[in-house]
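Right, one structure below, let's go through it.
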Protein chains: 2
Amino acid sequence: MARKLPSKIASQLYAAAELIAERGLEATRMDDISEATGIPKATLYYHLEGKNAVLEFLLADLLDLIGGAVAVAASGGGTASERLRAAISAQISVMLEHPHLCQALVGDLGRATRLPDLALALEAAFLSPIQHLLEQGVSDGSLRPVDDPATAASSIFGAVTMTGLSVTASGHRVRAASDAASLSEWVYRLLAEGVVTNPGVDAGSIASRHLGSTSPDPGTAAPPP
Amino acid sequence: MARKLPSKIASQLYAAAELIAERGLEATRMDDISEATGIPKATLYYHLEGKNAVLEFLLADLLDLIGGAVAVAASGGGTASERLRAAISAQISVMLEHPHLCQALVGDLGRATRLPDLALALEAAFLSPIQHLLEQGVSDGSLRPVDDPATAASSIFGAVTMTGLSVTASGHRVRAASDAASLSEWVYRLLAEGVVTNPGVDAGSIASRHLGSTSPDPGTAAPPP
DNA sequence: ACCATATTTGGACTTTGAGTACAACATAGG
DNA sequence: CCTATGTTGTACTCAAAGTCCAAATATGGT
């Protein structure tokens, strides 16, 4: 559709990512983008449909990067669990290499997912490869079976993304990891091994105790002692 | 600060949540909100500082709800792992009860986290209780030790939130869970037990294989058994 | 009942920023 | 040199946020 941007301009455009990441797209005036990139407003509008198109271009690019890296990781050798780790590593690496783009993506997630192309790209870049890995892991025995791998992929995506963000964005002094390799290893372990010491021990005891969706229910939160 | 909104108005305001969830705050005109709530624009501006304040009010409320429920869960009885499960259940329950608010929160996450009060509320409602649970779990032996519980809390938050969203928002036909109880049980298990069949087997073998961001450091993540 | 103060509301107004129109200019390929 | 296509400054339109204000209405204290 709009993938004919002169590379000169495309590269300048990245200068706008930082602005958008910090202030959000809404608070970023087109004139700011123009000034930050050195591209005059008229030229911007000559190539792009508008403000959203700027975001769309930047994020499509990011998602291509991640999608590519994840795809490579997911189709590499080894067990599904090893490839899952590689995929997570790929995502984290790209995130840490492009912190501004990621902040922009997450900060304007609503807008992003409302742009149809981007929603698809997101799906293709992350969710669907991870979902497949989960399924393959059941086959090769390296991963435990999970109901609804699609939803599980979302959960994993959420965990990885949020982790990457909290390292990237917030000034969190992160003890866990200073570089992409150790951070991704860290998240992978968290997701792979879980947080509990001996799985199964308290499983199933509470399952039906919380709320029945419809009825008034003051005690949604904690199980009685 | 602005917490004296007449309840009459406050309740009407929720009618705007759906609009915001669907179209994003930016695409929602103040006149739309006015019309949807039945509150005339002038009155809105009499009580609220502007558009952002609408979002801020709604989300502050949501975060109070979640924060309250999570706090109750986290301070209940049982092991840390049981309370972690209860906390997750609380969050999921509130999310499923207020899908519009959640979509609004996530959709305009950037804006939300840029509102200082909300960033703090988010921290207080989720992150910090979960972080404490993780720490307590190490003490009582029900959870395995994790480097940097603060970041781990973010990861868990990401997973839970994304899961809730993918059930709520996208038309995903979710096999995993139709109600809050079973969904939260499902996420808890995922996080508690991990996705891998026999933990530790492939740890450390690949850490440095994908792209080298400077130092290969395969061991920072989890403590040995 | 009376007054003071706060709330509600309609309507006109100001301001800001997105997006458009267009003419002048540049550049390239034939 | 001449036409295509890209570049850019300037001036414009237009929608929506937010402000002002004054008249109506409620609220509460004495």
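First the proteins, then the strands, lettered A, B, ... as listed; each starts at 1. Please read all numbers here as calculations on a predicted model, not as lab measurements.
The distance from atom CZ of A:Arg114 to atom CG of A:Asn52, rounded to the nearest 0.5 Å, is 10.0 Å. Of the inter-residue distances, the one linking B:Leu165 atom CG with B:Gln103 atom CD reads 7.0 Å to the nearest 0.5 angstrom. In this structure, B:Cys102 SG and B:Glu97 CD are separated by 10.0 Å, a value rounded to the nearest 0.5 Å. For the atom pair B:Leu19 CG and B:Leu25 CG, the distance stands at 10.5 Å (nearest 0.5 Å). A distance of 9.5 Å separates NE2 of B:His100 from OG1 of B:Thr168, quoted to the nearest 0.5 Å.
Taking atom CD of residue B:Glu26 and atom P of nucleotide C:dG17, one finds them 14 Å apart after rounding to whole Å. With rounding to whole Å, A:Asp31 atom CG is found 11 Å from C:dT16 atom C1'. Nucleotide C:dG19 holds its P atom 17 Å from the NE2 atom of A:His47, rounded to whole Å. One interatomic measurement links the two molecules: CG of A:Asn52 to P of C:dG19, which rounds to 7 Å at whole-angstrom precision. Atoms NZ (A:Lys8) and C1' (C:dT27) sit 13 Å apart, rounded to a whole Å. Residue B:Met30 contributes atom CE, which lies 16 Å from atom C1' of C:dT16 at whole-angstrom precision. Rounded to whole Å, the distance from CG on A:Leu44 to C1' on C:dG17 is 15 Å. Summarising the geometry, the separation between CZ on A:Arg29 and P on C:dG19 is reported as 14 Å, rounded to the nearest angstrom.
The pairing partner recorded for D:dA4 is none, the criterion being a Watson-Crick or G-U wobble arrangement whose two distances lie under 3.5 angstrom. C:dA4 and D:dT27 make up a base pair, with Watson-Crick or G-U wobble contacts both under 3.5 Å.
Using a cutoff of 4.0 Å between basic side-chain nitrogens and carboxylate oxygens, A:Glu185 and A:Arg85 are scored as salt-bridged.
Taking 4.0 Å as the cutoff to heavy atoms of chain B, we find the contact window on DNA chain D bounded by D:dA16 to D:dT19.
No donor-acceptor distance shorter than 3.5 angstrom exists from the side chain of B:Asp108 to the backbone of B:Arg111, with no hydrogens or angles considered.
Glycosidic torsion of D:dA4 falls within 90° of 0, placing the base in syn.
Within 4.0 Å (heavy atoms only), B:Thr28 reaches sugar-phosphate atoms of the nucleic acid but no base atom.
Where A:Pro40 and B:Lys41 each meet DNA chain D at their nearest nucleotide, the meeting point lying more 5' is that of A:Pro40. Both A:Ala42 and A:Leu25 sit near DNA chain C, but only A:Leu25 has its closest nucleotide nearer the 5' end.
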